[in-house]
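We use all heavy atoms of the structure for the numbers below, so side chains are in, but hydrogens, waters and symmetry mates are not. Just so you know, ligand 1 is whichever comes first in the structure, and atom 1 is the first atom listed for that ligand. Just so you know, these numbers come straight off a predicted model, no measurement behind them.
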Amino acid sequence: MSQTPILSASRRIRSTPFTRRVTEHGVKGYTVYNRMLLPTLFESAEADYHHLKKHVQVWDVACERQVEVNGPDAQSLMQSITPRNLGKMKDDQCYYIPVVDDKGGMLNDPVAVKHADNRWWISIADSDLLYWIKGLALGKGLNVDIFEPDVSPLGVQGPKSEDLMARVVGEDIRNLSFFRHRTYRFGDQNFLVARSGYSKQGGFEIYVDGSEHGEMIWDMLFEAGEEFQVRAGCPNLIERIEGGLISYGNDMTRENSPIECGLVKFCHTSAMADCIGGDVLMAEKKNGPKQIIRGIKIEGDAVPSCHGPWPIIDASGAKIGQVTSAAWSPDFGTNVAIGMVDRDHWDIGNQVSVQAPDRNRNATITFLPFE
Ligand code: THG
């Protein structure tokens, strides 16, 4: 039996303002995201999952790096990178935005945090969006500064997250709406907090501005959270598949359009003219995509956890798509998965076969999120 290889640490794989605490809380697994550590496992995938759905967890999601766009041309630069219409966005809003290249291919699917017309944070998924945006600004001769500030999101996720946050920053946080942000006081520091996060259990993200404050905020949350059974946690594969939260680099890449990714609701005809690649997306919106993201219910016992993608085949053995994320769901009592399925085969209820690493399995095309 060979041992699981370790991932060697070095300065190129950045630690976070919370890494010391995460270690103390017994992190068992990491991945690398934006060249930074992202915890993947504490107790076990299933124990972490049950705890997340019942209590509250603190997540080190510092790897959701911010790209700050600052200056008079910020608003027009922002509208040029996404087909989502930002025209009515308020200064206290966050928007989930597809970011596309000149061919309409997905470059990233960040959360845009608007401070003002001339100041934005782009809270990025795992790709080097800073270089694309800097290149655009230089090429277009725009009057903007683009840089990565020392800002690290800390997630507070789970059904008891509101009670915990109310203990720490006051009852007023209960009035914060989904995808809105406001500044709250933590000890003697003010930080922006949004009601958002990469789970469907409800929660908040604290944008910790200044690495030196990381452990202080962490400790405040754990002190106040004892009565809510707070634990260290992380984005959970099972929960995110159930909830239909797609993952850049896993479920979609630059090969895919936002329409294929199920994000047509964020591809606005009114914004296409200002968006790079908008012409391509307009045509695709009219003609329909050639494939689309779906939920896939995979039969049998728990699928092995293993690098995908796994081919999806029809009754004749022809490849009609691929599974890109899969896990056993204790609550649904089946394997849940996310994948791309060709247009002739994407109808809900369609029976297909998935070539999992252990064996072929019967599977059913279904909705995302799982219901
Ligand atoms: N929070 C912040 N930054 C992030 C993530 C995050 N950057 C990387 C990654 N996650 C980006 N991907 C997503 C994917 C989905 C959502 C957020 C970020 C999400 N979607 C909601 C949904 O699908 O129900 C709401 C979308 C909407 O209506 O606007 O929350 O998690 N800071």
Side-chain angles (χ1 to χ4, degrees), residues 16 31-36 38-40 52 57-68 81-86 88-90 92-100 106-115 120-130 148-149 151-158 161 176-182 191-209 233-237 239-253 256 258 261-268 271 293 295 324-325 338 367-371:
T16 86
T31 187
V32 177
Y33 192 100
N34 287 321
R35 281 166 280 109
M36 190 172 256
L38 170 61
T40 53
L52 169 63
Q57 297 182 346
V58 175
W59 292 5
D60 175 359
V61 282
C63 67
E64 297 166 352
R65 301 311 297 163
Q66 308 307 299
V67 175
E68 178 156 342
I81 64 169
T82 182
R84 184 160 180 185
N85 191 336
L86 307 178
K88 296 213 169 90
M89 193 172 173
K90 302 282 194 297
D92 70 338
Q93 269 188 299
C94 307
Y95 272 11
Y96 178 47
I97 58 168
V99 174
V100 298
M106 290 289 288
L107 291 178
N108 205 291
D109 67 331
V111 175
V113 181
K114 183 175 182 179
H115 299 261
W120 299 70
W121 284 342
I122 310 173
S123 185
I124 61 173
D126 186 21
S127 78
D128 291 313
L129 203 62
L130 182 97
E148 182 180 312
V151 170
S152 297
L154 185 63
V156 182
Q157 298 288 309
S161 57
L176 187 66
S177 302
F178 186 61
F179 267 54
R180 297 273 172 165
H181 65 78
R182 231 204 72 184
F191 297 117
L192 183 148
V193 178
R195 193 187 285 265
S196 57
Y198 201 61
S199 88
K200 288 284 191 169
Q201 305 311 310
F204 302 85
E205 292 177 301
I206 306 164
Y207 289 77
V208 179
D209 195 338
C234 51
N236 181 275
L237 178 68
E239 195 272 344
R240 80 142 178 102
I241 296 174
E242 288 178 358
L245 293 169
I246 55 178
S247 164
Y248 189 75
N250 287 317
D251 303 315
M252 74 286 200
T253 70
N256 303 115
C261 298
L263 302 176
V264 71
K265 59 181 179 287
F266 303 131
C267 297
H268 300 134
I293 279 226
T324 47
S325 299
I338 295 174
F367 288 109
L368 274 184
F370 282 80
E371 49 199 17

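Only the side chain of L245 comes within 4.0 Å of ligand 1, judged by heavy-atom distances. Residue-level proximity to ligand 1 for D126 is absent, since no heavy atom of it falls below 4.0 angstrom. Only the side chain of Y207 comes within 4.0 Å of ligand 1, judged by heavy-atom distances. Residue contacts with ligand 1 for Y248 are absent, since no atom lies close enough (heavy atoms, distance under 4.0 Å).
Among Y33, F266, Y95, Y96, the residue whose heavy atom sits closest to atom 16 (C) of ligand 1 is Y96.
Residue-ligand proximity, E205 to ligand 1, at heavy-atom distances under 4.0 Å covers atoms 1 (N), 2 (C), 6 (C), 31 (O), 32 (N). Ligand-side atoms of ligand 1 in range of I124: 7 (N), 8 (C), range being under 4.0 angstrom from any heavy atom. In summary, the atoms of ligand 1 found under 4.0 Å from a heavy atom of G197, numbered by their order in the structure, are 30 (O), 31 (O). Which parts of ligand 1 touch K200 is read off a 4.0 Å heavy-atom cut-off, strictly below it: atoms 22 (C), 23 (O), 24 (O). Of all atoms in ligand 1, listed by their number and element, those nearer than 4.0 Å to a heavy atom of A125 are 7 (N), 8 (C).
Look at S196 and you'll find every heavy atom at least 4.0 Å from all atoms of ligand 1. In this structure, R84 is part of the shell of residues with a heavy atom less than 4.0 angstrom from ligand 1.
Annotation: atom 11 (C) of ligand 1 to nearest protein heavy atom, D109 O, 3.0 Å. Taking atom 6 (C) of ligand 1 as the reference point, the nearest protein heavy-atom neighbour is E64 OE2, 3.3 Å. Considering only non-hydrogen protein atoms, atom 30 (O) of ligand 1 sits nearest to F179 CZ, 3.4 Å. Among protein heavy atoms, the minimum distance from atom 7 (N) of ligand 1 is reached at S123 O, 3.0 Å.
S325 and N250 share no donor-acceptor pair across their side chains, judged by distance under 3.5 Å alone. Side-chain atoms of R65 and S123 form no donor-acceptor pair, as typed in the model, at a separation below 3.5 Å. Side chain to side chain, Q201 and E239 meet the donor-acceptor criterion of an N or O pair below 3.5 Å.
Ring geometry, Y96 versus F266: the interplanar angle exceeds 60°, so the pair is classed perpendicular (tilted spans 30 to 60°).
A salt bridge is absent between D92 and K114; no separation between the charged side-chain nitrogens and carboxylate oxygens falls under 4.0 Å. Remark: R240 engages D251 in a salt bridge, criterion side-chain N to carboxylate O under 4.0 Å.
Residues H115 and W121 place their aromatic rings such that the two centres sit under 6.0 Å apart.
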Subject >> Derivation of the side-chain contact (heavy atoms from CB on, under 4.5 Å) call for L129 and V99 >> reply: CA-CA 9 Å; L129 203 62; V99 174; 3.8 Å; yes
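In terms of the salt bridge (Lys or Arg N to Asp or Glu O under 4.0 Å) criterion, D209 has no residue partners (sequence neighbours excluded).
Using a 4.5 Å heavy-atom threshold, the side chains of V113 and Y95 count as separate.
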